[in-house]
Protein chains: 2
Amino acid sequence: MPATIRDVARLAGCSIKTVSRVVNGEPYVTEETRARVQAAIRAVGYAPNISARRLVQNKSFQICILMYPGLLQPASGILSLIMDIGYEENYDILFQPYFPTHARSKRKLVSLIYEHRIDGFVTTPPCDAEDFVSELLDTFKVPLVQINPFNRPEKTPFVASDDIEGARGMMEHLLGLGHRRIAFLMGPRNMRASFDRLEGYKQALEAHSIPFDPALVRDSEFTFDGGYTAARLLLEGSPRPTAIFAGNDEAALGAIYAARELGLDVPGGLSVCGCDDIAAAGRTWPGLTTIHMPAEELIETAVRLLIQILKGSLPSSNQVFLQSRLVLRGSTAPPAEAST
Amino acid sequence: MPATIRDVARLAGCSIKTVSRVVNGEPYVTEETRARVQAAIRAVGYAPNISARRLVQNKSFQICILMYPGLLQPASGILSLIMDIGYEENYDILFQPYFPTHARSKRKLVSLIYEHRIDGFVTTPPCDAEDFVSELLDTFKVPLVQINPFNRPEKTPFVASDDIEGARGMMEHLLGLGHRRIAFLMGPRNMRASFDRLEGYKQALEAHSIPFDPALVRDSEFTFDGGYTAARLLLEGSPRPTAIFAGNDEAALGAIYAARELGLDVPGGLSVCGCDDIAAAGRTWPGLTTIHMPAEELIETAVRLLIQILKGSLPSSNQVFLQSRLVLRGSTAPPAEAST
DNA sequence: CTGTTAGCGCCTTCAT
DNA sequence: ATGAAGGCGCTAACAG
């Protein structure tokens, strides 16, 4: 049975309140008593009981990250980064699988609020696709920070990256290499990134006075299989695109697989590029050219922002934008028939 | 302010204890009162306050999974599976990054036990490499279930896969294709899998009366970079191996990358195979031949076993073995110079 | 079958 | 600068 605050008080010869003050770094304790209490704490091996603290403060000191199992792939690095922040800040961090529109997910969320009294939430796409989550949390006055949310209402805290800009940059790269028939693999409709990346694609075409061809835009659902299927269809059709810009890396890997299967060399016969810069992007020959999304920073910023809000220090800026950047690897090259 | 048990009692016209009984599904309540209480619960929107329950029962209803950030890559599927089990069983599941030998990790672990009173732990390799964790938990009488532990003392609960058998099976596959110079990429020394897989490699060689050549065994640390480097050295040396059996898939992907970089076709000029069957294995052309490790089942079994133990029902078997199986994909083929 | 009482360990309030 | 009392919401133990 671990020591309680009373054991410490007895040993230090003071009241439990004084121990409490020392433990929580509150003022109004003589240096001398403080030292004596601290010695007693060490002597009995005291650590505060979190459950008791939670009960009396009516806080859980837990925050919850809602994630869609199919898309969020917490690289182990991200996961351990998040857990470390939690440890530093004395918050438990729980992950909750969440499928938008699923009744079961909604029930879980409600019970999380009711029973656990989770102090705050972070959403990742596409968990914010419906307004259910934000409205529910709003009703219960539970703070929420969104990562790359679908909508960006004023005053809602969120952390986002600029997908339009990123996609446009990638298109400039492909266009600069000489590509003109560039296919685009679209993502699911419940994620803002799908639309924003498409928008960047269109803007770049327009800037270069290349007509937008809807036949070159296919759905990929941001999955390997989706990218594979879309690429097969594109590559078996005619005229073939000389490059495929996949809305995310998973789809890009599927496209590369499809190309290889058809005997097409990448990048010799087809350029492929993606978006996100997942770990696998650098580990597949010849290396996937992609847009590095600052996943670590996004989630770290979101978690820290939430904790700041929970601690009551309203930050100057609730809405943070982070930069992406192009990562050129081996999967893009000038088109075979290009005239240099 | 959410409703408390007292609000329900008032509305249902009974004592709080009766409400408690209904909430916890205890016997000795008339069907009629039970119904009345349940109606009251719904009416006021009552849900028990978990912090209070935790305090009074002196349990945290939290379990913690210790993981080594570099190696455990919780595919999103696994992560959400785990969280779902936790939800079903009413346990919060926390992940804790843990580096064996690091003082900071040890401190975190101690504070987790002291403050959070975590009810039980699961370790993943190589977190169990030293005896620190198991001894600490033993001292505090905190239950522990290990996944693929380094040692397998009697009566220690663990869940494991048979790596020797798996590796031998893979070797039979390569030998059956006609390979004789097969290199092996070893993993870190603090993981049992490293040794067991090497053992399987050796056993297969011996069964085929092929002398063991230490020069064909290289360290890869079970990482992409490690596999890449080891493969470069192997392939630039002479005579070249005709196949590389990597101790895990990450290293195998590194080896494939190295081969491609040297202009060697896989599997035409070199066969490569791995172990684990991570998601990327099926997504890299031409598909990585590997041993499917039942990662989901391992962790699910471990978590369920731990929860069983925590609930006091001592399961018949504390030590569970799960089968692996060969997954043949495109990265292995007969050697070029083989005589069929 | 149902209710009463007594804490769990801590923090808050208000005295001193 | 310190302490005493009260209560957070719940369950365990014991009465009725």
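The model shown is predicted, which means the values in this text are computed figures rather than measured ones. Chain identifiers are assigned alphabetically (A, B, ...) following the order of the sequence lines, protein sequences preceding nucleic acid strands; residue numbering begins at 1 within each chain. Hydrogens, waters and symmetry mates are skipped; everything else that's a heavy atom, side chains included, is used.
- A salt bridge links B:Arg304 and B:Glu88; the closest N-O separation between the charged side-chain nitrogens and carboxylate oxygens is under 4.0 Å.
- C:dC10 atom P lies 11 Å from atom CD1 of A:Ile50, rounded to whole Å.
- Regarding contacts with the backbone of D:dA1, every side-chain N or O of A:Thr33 stays at 4.0 angstrom or more from both OP1 and OP2.
- For DNA chain C, no neighbouring residue in residues 36-46 of chain B is found when judged by any heavy atom under 4.0 Å.
- Note: NZ (B:Lys59) to C1' (D:dT11) measures 11 Å, nearest angstrom.
- Here B:Gln57 reaches the OP1 or OP2 of D:dA12: one of its side-chain N or O atoms lies under 4.0 Å away.
- Using a 4.0 Å heavy-atom cutoff across all strands shown, A:Pro27 reaches no nucleic acid atom at all.
- In this model, the phosphate group of D:dC10 is not approached by any side-chain N or O of B:Arg53 to a distance below 4.0 Å at OP1 or OP2.
- In this structure, B:His116 and A:Asp92 have side chains that are in contact, with non-hydrogen atoms separated by less than 4.5 Å.
- At distances below 3.5 Å, at least one donor-acceptor pair connects side-chain atoms of B:Ser60 with backbone N or O atoms of B:Arg117.
- With hydrogens and angles disregarded, a donor-acceptor distance shorter than 3.5 Å links the side chain of B:Arg192 to the backbone of B:Pro149.
- Distance A:Arg54 CZ to C:dC11 P: 13 Å, rounded to the nearest Å.
- Proximity of A:Arg6 to the phosphate of C:dG9: no side-chain N or O atom is located under 4.0 Å from OP1 or OP2.
- Across residues 13-21 of chain B, B:Ile16, B:Lys17, B:Ser20 each have a non-hydrogen atom less than 4.0 Å from an atom of DNA chain D (numbered order).
- When all heavy atoms of B:Asn148 and B:Asp128 are compared, the closest pair comes out as O-OD1, 4.4 Å.
- Of the candidate nucleotides D:dT2, D:dG9, C:dG9, D:dG9 has the atom nearest to the side chain of B:Ala52.
- Note on A:Asn24: a side-chain N or O is less than 4.0 Å away from OP1 or OP2 of C:dC11.
- The minimum heavy-atom distance between A:Asp84 and B:Lys108, with the atom names listed, is OD1-NZ, 2.8 Å.
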Taking only distance into account, with no hydrogens and no angle test, what donor-acceptor pairs under 3.5 Å do side-chain atoms of residues 97-107 of chain A form with protein atoms, sequence neighbours excluded?
| from | atom 1 | to | atom 2 | distance (Å) |
| --- | --- | --- | --- | --- |
| A:Ser105 | OG | A:Phe99 | N | 3.0 |
| A:Lys106 | NZ | A:Glu130 | OE2 | 3.3 |

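- Distance A:Arg10 CZ to D:dA4 C1': 16 Å, rounded to the nearest Å.
- An end-to-end axis angle of 40° holds for the helix from C:dC1-D:dG16 to C:dT16-D:dA1, taken from five base pairs per end and rounded to 10°.
- Judged by distance alone, with hydrogens and angles left aside, the side-chain atoms of B:Thr124 form a donor-acceptor pair with the main-chain N or O of B:Leu66 at under 3.5 Å.
- The interatomic distance linking B:Leu55 (CG) with C:dA6 (P) rounds to 18 Å, in whole Å.
- Side-chain contact check for B:Gln146 versus B:Leu144: some heavy-atom pair is nearer than 4.5 Å.
- In terms of phosphate contacts, B:Ser51 brings no side-chain nitrogen or oxygen within less than 4.0 Å of OP1 or OP2 of D:dC8.
- Within 4.0 Å of B:Val29, counting heavy atoms only, lie sugar-phosphate atoms of the nucleic acid but no base atom.
- Atom P of nucleotide C:dG9 and atom OH of B:Tyr114 are separated by 15 Å, given to the nearest angstrom.
- With sequence neighbours left out, the ring-ring contact (aromatic ring centres under 6.0 Å, His included) criterion links A:Phe121 to no other residue.
- In this structure, the side chain of B:Ser161 does not engage the main chain of B:Phe321 through any donor-acceptor pair within 3.5 Å.
- OP1 or OP2 of D:dT2 sits under 4.0 Å from a side-chain N or O of A:Thr30.
- Formation of a donor-acceptor pair under 3.5 Å by the B:Ser20 side chain with backbone atoms of B:Ile16 is not found in this model.
- Distance CG (A:Asn58) to P (C:dT12): 12 Å, rounded to an integer number of Å.
- Looking at residues two or more places apart in sequence or on another chain, you find a ring-ring contact (aromatic ring centres under 6.0 Å, His included) between A:Phe61 and A:Tyr91.
- Look at OH on B:Tyr28: it is 19 Å from P on D:dG16, rounded to the nearest Å.
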